Number of protein chains: 2
Amino acid sequence: MNTQDLIKKFRKNGYKATSQRLAICKLILSRKDHPTADQIYQVLKEEYPTISLTTIYNTLRILVELGLIQELGFNEGSIRYDPDMELHINMVCSKCGKIDDYKAENIIQLWNTIISDLGFKPIGQRIDIYYECEECK
Amino acid sequence: MNTQDLIKKFRKNGYKATSQRLAICKLILSRKDHPTADQIYQVLKEEYPTISLTTIYNTLRILVELGLIQELGFNEGSIRYDPDMELHINMVCSKCGKIDDYKAENIIQLWNTIISDLGFKPIGQRIDIYYECEECK
DNA sequence: TATTGATTTGTAATCATTATTAAAATAGTT
DNA sequence: AACTATTTTAATAATGATTACAAATCAATA
């Protein structure tokens, strides 16, 4: 999603398209490592020295509401943000917490089987696999 | 798992079988609603008025280590504890946070297919489905 | 460009969890 | 049953992530 589309999306939903919001969007939508709010803050501080963590949190909440990203709560106590809204598996290293997305072949089949049994369409889903990554072994 | 087996399990792993630990175990292993540490604390305070949250957390950590329960971090900021270590789906209400376990019929087969593609045996997994429960609708 | 209301920011507050440490309880041994 | 070394508990303080608040700033519209 490019900047113009983002601006439109914000305005259509009654939100102002501030430079901070656009910067946060561009960052989170481009990253695949599921950063925390603080990690986003640390990066954006360089370009926007007065940006505050509150703004990061507020913007992330809006992006969740607009369906652009997904929140993933983990056991270490922090929430990570995932811009991949398609069906996928989060490969989570139990030691270092690193996360990679994994698009398995049969996952769509698995998913369709599950939801056809449910009888209704769920709002969303989350599939994690926990393992020990190469660096940690 | 009965009390005697629990005592054996603790001792075999170098942990003392204190009454607090046994009470926490019995409670968490019998509940299906994935309680938080504080919810467990609130219940056990009745029977053990001097029990502390620290003890709850310490014991839960041991139970995770012994493979008896699973930690599930959620977005509202709290960790919930799930005594069901078998493959199952957490049906999570996006509004009230209620969680029910759901054992779908064909999941295990499909899941095994996905796992075998990985080439290694994962430590664990987690499958959530988010929806709006009856009471919240 | 002026106005109005939303947004940002810095600070303080909150909540869950962890660290610390003296006192109490346990398991193994006499 | 008592002894003792060691672990565990429990109370408090500390930490870290997130949220609340209020004054200053900015975006959108006229």
Side-chain angles (χ1 to χ4, degrees), chain A residues 3-4 6-25 27-28 34-66 69 71-81 97, chain B residues 3-4 6-25 27-28 34-66 69 71-81 97:
Chain A
T3 306
Q4 285 312 310
L6 272 177
I7 293 175
K8 277 184 205 157
K9 183 121 191 165
F10 274 128
R11 294 190 180 155
K12 186 182 298 177
N13 289 277
Y15 295 112
K16 293 184 176 174
T18 67
S19 57
Q20 292 94 328
R21 279 182 183 158
L22 293 173
I24 294 165
C25 279
L27 184 64
I28 183 68
H34 308 58
T36 64
D38 192 65
Q39 285 171 332
I40 295 168
Y41 174 62
Q42 296 303 331
V43 172
L44 289 179
K45 257 198 325 197
E46 304 298 321
E47 197 178 350
Y48 299 82
T50 68
I51 205 168
S52 76
L53 250 179
T54 308
T55 300
I56 311 282
Y57 278 110
N58 288 338
T59 302
L60 290 172
R61 191 183 309 125
I62 293 170
L63 296 183
V64 170
E65 182 198 324
L66 299 185
I69 63 172
E71 278 182 313
L72 299 177
F74 282 96
N75 305 340
E76 343 110 37
S78 59
I79 294 174
R80 291 168 172 277
Y81 294 88
Chain B
T3 307
Q4 284 311 312
L6 273 177
I7 293 176
K8 276 185 206 156
K9 183 121 190 166
F10 274 127
R11 295 193 180 152
K12 187 183 296 176
N13 288 278
Y15 294 112
K16 294 185 175 175
T18 67
S19 57
Q20 292 93 329
R21 279 181 184 159
L22 293 173
I24 294 166
C25 279
L27 184 65
I28 183 68
H34 308 58
T36 64
D38 192 63
Q39 285 171 332
I40 295 168
Y41 174 62
Q42 297 303 331
V43 172
L44 289 180
K45 257 199 323 197
E46 304 297 321
E47 199 180 348
Y48 299 81
T50 68
I51 205 168
S52 77
L53 250 178
T54 308
T55 301
I56 311 284
Y57 277 110
N58 287 340
T59 302
L60 290 171
R61 192 183 308 125
I62 292 170
L63 295 183
V64 170
E65 182 197 324
L66 299 185
I69 64 172
E71 279 182 315
L72 299 176
F74 281 97
N75 305 341
E76 342 108 37
S78 59
I79 294 175
R80 291 169 173 275
Y81 294 88

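Here the structure is a predicted model, which is why all the values come from computation and not from measurement. Here is how names work: the chains are called A, B, and so on, in the same order as the sequence lines, proteins then strands, and each is numbered from 1.
B:A37 and B:I56 make their closest contact through O-CG2, 3.7 Å (heavy atoms, listed as atom of the first residue, atom of the second, distance).
Rounded to whole Å, atom P of D:dT19 lies 6 Å from atom CZ of A:R61. Summarising the geometry, the separation between CD on A:E76 and P on C:dA16 is reported as 18 Å, rounded to the nearest angstrom. In this structure, the NZ atom of B:K16 is 9 Å from the C1' atom of C:dG28, given to the nearest Å. Taking atom OH on A:Y48 and atom C1' on C:dT7, their separation rounds to 15 Å, with Å as the unit. What separates NZ of B:K12 from P of C:dA27 is a distance of 16 Å, to the nearest Å. The separation between A:I56 atom CD1 and D:dA17 atom P is 14 Å, rounded to whole Å. One interatomic measurement links the two molecules: NZ of A:K45 to C1' of C:dT9, which rounds to 14 Å at whole-angstrom precision. Distance B:L22 CG to C:dT26 C1': 12 Å, rounded to the nearest Å.
Taking the nucleotide of DNA chain D with the nearest heavy atom to each of B:S52 and A:S19, the more 5' of the two is matched to B:S52. In terms of position along DNA chain C, the nucleotide closest to A:Y41 lies nearer the 5' end than the nucleotide closest to the other residue of the pair A:Y41 and B:S78. Residues B:N58 and B:R80 both approach DNA chain C. Their nearest nucleotides, taken by heavy-atom distance, put B:R80 toward the 5′ side. Mapping B:N75 and B:I51 onto DNA chain D by nearest heavy atom places B:I51 at the nucleotide closer to the 5' end.
Contacts of A:T18 with the nucleic acid, taken as non-hydrogen atoms under 4.0 Å apart, involve only primed sugar atoms and P, OP1 or OP2. At the heavy-atom level, A:T50 lies under 4.0 Å from the strands shown only through sugar-phosphate atoms. Here A:T55 lies in heavy-atom contact (under 4.0 Å) with a base.
Contact annotation: the side chain of B:Q39 never approaches that of B:V43 to less than 4.5 Å [non-hydrogen atoms, C-beta and beyond]. In this structure, the side chains of A:I24 and A:R21 stay at 4.5 Å or more apart for every pair of heavy atoms. A:L63 is listed as a side-chain neighbour of A:F10, based on a closest heavy-atom distance under 4.5 Å. A heavy-atom distance below 4.5 Å is not found between the side chains of B:Y81 and B:H34.
In this model, a side-chain donor or acceptor of B:T54 finds a partner on the base of C:dA19 within 3.5 Å.
For A:Q20 and D:dC26, the shortest distance from a side-chain N or O to OP1 or OP2 is not below 4.0 Å. Remark: A:R21 is in phosphate contact with C:dT8, judged by side-chain N or O atoms under 4.0 Å from OP1 or OP2.
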